[in-house]
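Below, read A as the first sequence line, B as the second, and so on, with proteins coming before strands; counting in each chain starts at 1.
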There are 4 protein chains.
Amino acid sequence: MPIAAGTPADQAPVQPKRERRKEARPRELLAAALDLFVEKGFAATRSEEVAARAGVSKGTLFLYFPTKEELFKAVVRENISGRFSEWNDEFLSFDGSSEEMVRYCLKVWWERIGETRASGITKLMLSEAQNFPDLAAFYHQEVVQPGQELICRILQRGVERGEFRPMDVEYAAYGLTAPMVFLTMMKHSLCACMPKDTPLDAERFIAAQTDNLLLGLCIRPPAGAPAGSAS
Amino acid sequence: MPIAAGTPADQAPVQPKRERRKEARPRELLAAALDLFVEKGFAATRSEEVAARAGVSKGTLFLYFPTKEELFKAVVRENISGRFSEWNDEFLSFDGSSEEMVRYCLKVWWERIGETRASGITKLMLSEAQNFPDLAAFYHQEVVQPGQELICRILQRGVERGEFRPMDVEYAAYGLTAPMVFLTMMKHSLCACMPKDTPLDAERFIAAQTDNLLLGLCIRPPAGAPAGSAS
Amino acid sequence: MPIAAGTPADQAPVQPKRERRKEARPRELLAAALDLFVEKGFAATRSEEVAARAGVSKGTLFLYFPTKEELFKAVVRENISGRFSEWNDEFLSFDGSSEEMVRYCLKVWWERIGETRASGITKLMLSEAQNFPDLAAFYHQEVVQPGQELICRILQRGVERGEFRPMDVEYAAYGLTAPMVFLTMMKHSLCACMPKDTPLDAERFIAAQTDNLLLGLCIRPPAGAPAGSAS
Amino acid sequence: MPIAAGTPADQAPVQPKRERRKEARPRELLAAALDLFVEKGFAATRSEEVAARAGVSKGTLFLYFPTKEELFKAVVRENISGRFSEWNDEFLSFDGSSEEMVRYCLKVWWERIGETRASGITKLMLSEAQNFPDLAAFYHQEVVQPGQELICRILQRGVERGEFRPMDVEYAAYGLTAPMVFLTMMKHSLCACMPKDTPLDAERFIAAQTDNLLLGLCIRPPAGAPAGSAS
DNA sequence: AATGAATGAGGGTTCATTCAT
DNA sequence: GATGAATGAACCCTCATTCAT
């Protein structure tokens, strides 16, 4: 499954009732804005384009978001649902080995974030952080920190259960974060430019990274590991 | 050595002889532009600011670069080292173990790219790729590909010499790339916004990633590795 | 009775029977518009505000007045009393001295115009005349001229009856107009901004102006005049 | 001398040196802005018009004044020179009768303010006070108050020298202010709309008001007074 | 070559006006 | 009639770019 340009998504089909629209509008505008902000950056995206992609006129956009900056903030907030608590619970009640947890973690991230439109937020946030320091702080606190802590807990569990080697847990956690962020950035930047010839196969990427990561983490050769490693 | 706010590095050097100012101008402008583009993004950087930081007037900037876009392209091109062939030679004549090569590779990357102003180019390129597709292609060809190939060659050598396990070399190479890119992006985005409390210690980060990476790659426990891993 | 901030006067009356709302609508809208136009000027008043103050929706306003300009014109016309003929009659049948007529004239102006919402029209008209030349002409013809003529007649009567000195009646009439207009303008501009400390006491103002005016007009010291003047 | 529409003043003749222009620009822009603001009101005047009347492009205006509001403030400030201290001195060293002082005061006001472009500021300020409360306070403090005090001093002097009757000096002072303000407002509003037929002859207006005012103020019939008044 | 005053197209935002419900 | 969501022309302001000096 090679990744490439900005998944255009489904566009406004048949006009529903007026009432319906009013409730749907904010979501439609945010979706349009996310696409464009990710694609071209905040500054290079014109308000009118956002409106047009959402199928409304320029003025309508400002009926729902008082400024372009507020639109940006709303885009970020909209896509940071508090799914971490849900995930936390998922992992608290997780019953398998720690290796399985790591595999599950990366798999689930890809399914729920990486290959969805939400991954654009990461690109957006890293690209524009300097211009929106307060949002950056918010994002760090609401997304980066909780994610980091979730991963730390998994690694810690592995160490305590004797599955993982002792390690600098806090920084080892970046072993999961870095590949995901890298993949996301590539998907929304260079990969979106190169046509077909040099794609980045996300699943192959994740497989390779997961394998090597676990080989490094596990004390006993991991179940799903390739043969021939440090034995 | 924690990284945080945009390490200003060497700024505005004291006025040298008037003679060589003229020749130095383009370089000074490019340096100023790089700083600002990295700090604020392409669109949010005003031409006049670039000129001011380089100590010249607005008009002078356009004497050297016909448009802001051309300036941007020049900045990227100027800072995309064509030094890969040189590095290649370094590695061709490298005499140590493949593990040492990997360690050296990451160390050298940090010294020559990561902690210098050049790292800003990665941030810039990933952030603006969609707006400069031709540059993105150029960057991919001049930086990503050669870097990738260099790493592949190291891994391949390790496998062939029986030091590294058999692997999907092409994608395993991202095991080196991803942490570096991640570190770079963080340094120039979220880390530059956060105060002192949550910095990302670059050397600790590299140490942790290198350790785990090599544990995963090596057949025999790597020399510099932490104890207790898959043995 | 010092005048200061925009005496709100009677606002939004309690909802009357639903039946007569429809008929009352235009009047309510005009009242709301008058308040707002006087307070903020024509341009700075938003149509929606007018509607809101009248307790209806934006759309309803345009049901009664096709454009904002027409609303403005209606406001002015509505508040330009055609009551001059009525007042004329009052003065034709006036039985007292001409001095009393002048006093009565100023007193009545204050009671019927100056201290009511109608005084806002003067402010509005003088402020916006250039943007509504046809209205200005209409106002001049319906208000300024009749008022002027009414005053002239009073002065003329005084001269003819030997109560007032001979004078340039036409321009002497401004001796009554100027203070009233001045007071109105102040009330609706500077006085509405200043806090409590420097108010303009309308009745004291009128008393002082009336006294001096009559001392200048009368041949014999006027009855209500302060002692010590040219005798 | 009938007053009518907004004296267009002299427009940009031959292009002087570039250097010269830069110094002259602010003044030219302020002059243009004063004309237009007085003529059409603040809100109804477009920035581009101001620039055009000053013979420059839209952008140039914003080189000198950061916002339209700042332009407005600058217009008001520019035209409120601290001429009151000068006038104060003039009147402190005045040697004639108090009647002469009053006559001189009104005459000089007309020459220096009333018939010049500066009179537009009064119109502007009274029309827009509500939208610029801080400027209104500034104007009141810098213009209205000092003027009022100057007049009070003249009247007080007259009373103390036995030339004027005892009076409520503070409010009697409006006897000079009101006609001047009235004349100014009329000149810049209704009079600017009516073509030729109903002009307001400023000198005849001032003569009539001065005469009557002094008849009211003076204990002995004033020297320049019309015959036949209260004797 | 260097300057910086001037330009004007471009884009964010407002708000009078329309019209489907 | 009444509503208020939607429209889009208009306007303020920015800033890359030009060019007279």
Ring pair (Phe, Tyr, Trp, His ring centres under 6.0 Å) between D/Y139 and D/F132, intermediate numbers included: CA-CA 10 Å; D/Y139 183 78; D/F132 300 90; over 10 Å; no

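OP1 and OP2 of E/dA2 both lie 4.0 Å or more from every side-chain N or O belonging to B/T60. For C/R25 and F/dG1, the shortest distance from a side-chain N or O to OP1 or OP2 is not below 4.0 Å.
Atom CZ of C/F62 is separated from atom C1' of F/dG4 by 13 Å (rounded to the nearest Å). Taking atom CG on B/L61 and atom P on F/dA16, their separation rounds to 9 Å, with Å as the unit. Rounded to an integer number of Å, the gap from CZ of C/R46 to P of E/dT17 is 14 Å. Atom CG in D/L29 sits roughly 9 Å away from atom P in E/dA6 (whole-Å rounding). Summarising the geometry, the separation between CZ on D/F42 and C1' on F/dC11 is reported as 12 Å, rounded to the nearest angstrom. We find that NZ of B/K68 is positioned 12 Å from C1' of F/dT17, with the value rounded to whole Å. Regarding D/E49, its CD atom lies at a distance of 9 Å from the P atom of F/dC12, rounded to whole Å. In this structure, B/F65 places its CZ atom 13 Å from P of E/dA1, rounding to the nearest Å.
Qualifying salt bridge (Lys or Arg N to Asp or Glu O under 4.0 Å) partners for B/E78, counting only residues two or more places apart in sequence or in other chains: B/R27.
The residue among B/E69 and D/A43 whose nearest nucleotide of DNA chain F lies closer to the 5′ end is D/A43. Of the two residues near DNA chain E, C/L63 and A/P66, the one whose nearest nucleotide lies more 5' is A/P66.
Here the nucleotide nearest the side chain of B/T67, chosen from F/dT17, E/dA2, F/dC11, is F/dT17. The side chain of A/Y64 approaches F/dA5 more closely than any other nucleotide in the set F/dA5, E/dT7, E/dG4.
Base pairing in DNA chain E gives the following stems of 3 or more Watson-Crick or G-U pairs, range against range and under 3.5 Å: E:2-21 with F:2-21.
Residues D/L71 and D/T67 form no side-chain contact, since every pair of their non-hydrogen atoms from C-beta on lies 4.5 Å or further apart. In this structure, D/I121 and D/V75 have side chains that are in contact, with non-hydrogen atoms separated by less than 4.5 Å.
For D/K58 against E/dG10, a side-chain-to-base donor-acceptor contact under 3.5 Å is present.
Cation-pi geometry between C/R77 and C/F138 is met: under 6.0 angstrom from the ring centre, within 45 degrees of the axis.
No donor-acceptor pair under 3.5 Å is formed between the side chain of A/E48 and the backbone N or O of A/S57. No side-chain donor-acceptor contact under 3.5 Å links A/K58 to the backbone of A/E49.
Using a 4.0 Å heavy-atom criterion, one finds that D/S47 contacts the sugar-phosphate atoms exclusively.
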